[in-house]
Amino acid sequence: MEAREYLKQIEICQQRFDTVSSELVFLESLIQQKIDEDLKKNLKRKREEYSKAAAEYARMRTEVIDRIHEINDIDLERVLVLRYVNLMKFENIADKLSYSYDYIRHKHQKALDAFEKIINNKP
């Protein structure tokens with residue numbers, strides 16, 4: 001698996017979590033209006049799905065952050081965390097860290113290369 005693909009897993013988990021969360025809010029608003037057995041069952045199922053999605057998102061987020069920290073270079077780690085965990089754009093990362101856009105793009109590539117070695121167990 002490539003570094004980018006590995007890091008994007010957290011975004012996919014978050015999207016899944018957000019979708020289930022929205023469905024849950026919708027069903028809970030309906031249940032206040034009308035309570036029937038099918039709706040109760042659907043709400044229970046969505047609550048279970050929500051719990052699973054939240055647990056998977058938390059697990060994936062922790063795993064990705066732990067793997068990023070294996071780089072052992074705080075600048076590279078910060079770029080990857082801001083980009084893939086906090087889902088920030090390069091422009092926003094550059095502003096936050098007070099660097100140029102080009103410098104952040106360069107650091108990002110360097111961080112991806114370092115991360116690729118980690119996930120593929122290369123020295």
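- Annotation: the span from Lys89 atom NZ to Glu91 atom CD amounts to 6.5 Å, rounded to 0.5 Å.
- The pair Arg59-Glu56 counts as a salt bridge, with a side-chain nitrogen and a carboxylate oxygen less than 4.0 angstrom apart.
- Distance check: Leu7 CG to Ile68 CD1 gives 5.0 Å after rounding to the nearest 0.5 Å.
- Checked against Arg83 for a side chain to side chain contact (heavy atoms under 4.5 Å, CB included), the options Ile93, Ile104, Leu112, Asn92 give a single hit: Ile93.
- Note: Phe115 and Tyr6 meet the aromatic proximity criterion, with ring centroids under 6.0 Å apart.
- Within a 6.0 Å radius of CZ in Arg78, other residues, nucleotides and ligands contribute 12 heavy atoms or fewer.
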- Determine, stepwise, if the pair Tyr84 / His108 fulfils side chain to side chain donor-acceptor pair (under 3.5 Å). CA-CA 11 Å; Tyr84 294 100; His108 175 257; 2.9 Å; yes
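- Electrostatic pairing of Lys52 and Glu48 does not count as a salt bridge here, judged by no charged N lying under 4.0 Å from a carboxylate O.
- By the criterion of side-chain heavy atoms lying less than 4.5 angstrom apart, applied directly or through intervening Ile, Leu, Val, Met, Phe, Trp or Tyr residues, Val64 is grouped together with Phe17 in one hydrophobic cluster.
- No continuous path of ILVMFWY side-chain contacts below 4.5 Å connects Leu87 to Ile12, so the two sit in separate hydrophobic clusters.
- The distance from the CD atom of Glu5 to the NZ atom of Lys8 is 11.0 Å, given to the nearest 0.5 Å.
- Cation-pi contact between Arg16 and Tyr57: absent, since separation from the ring centre below 6.0 Å together with deviation from the ring axis within 45° is not met.
- Cluster membership check: Tyr50 shares its hydrophobic cluster with Ile10, using side-chain heavy-atom separations under 4.5 Å among Ile, Leu, Val, Met, Phe, Trp and Tyr.
- The number of heavy atoms from other shown groups lying within 6.0 Å of OH (Tyr99) does not exceed 12.
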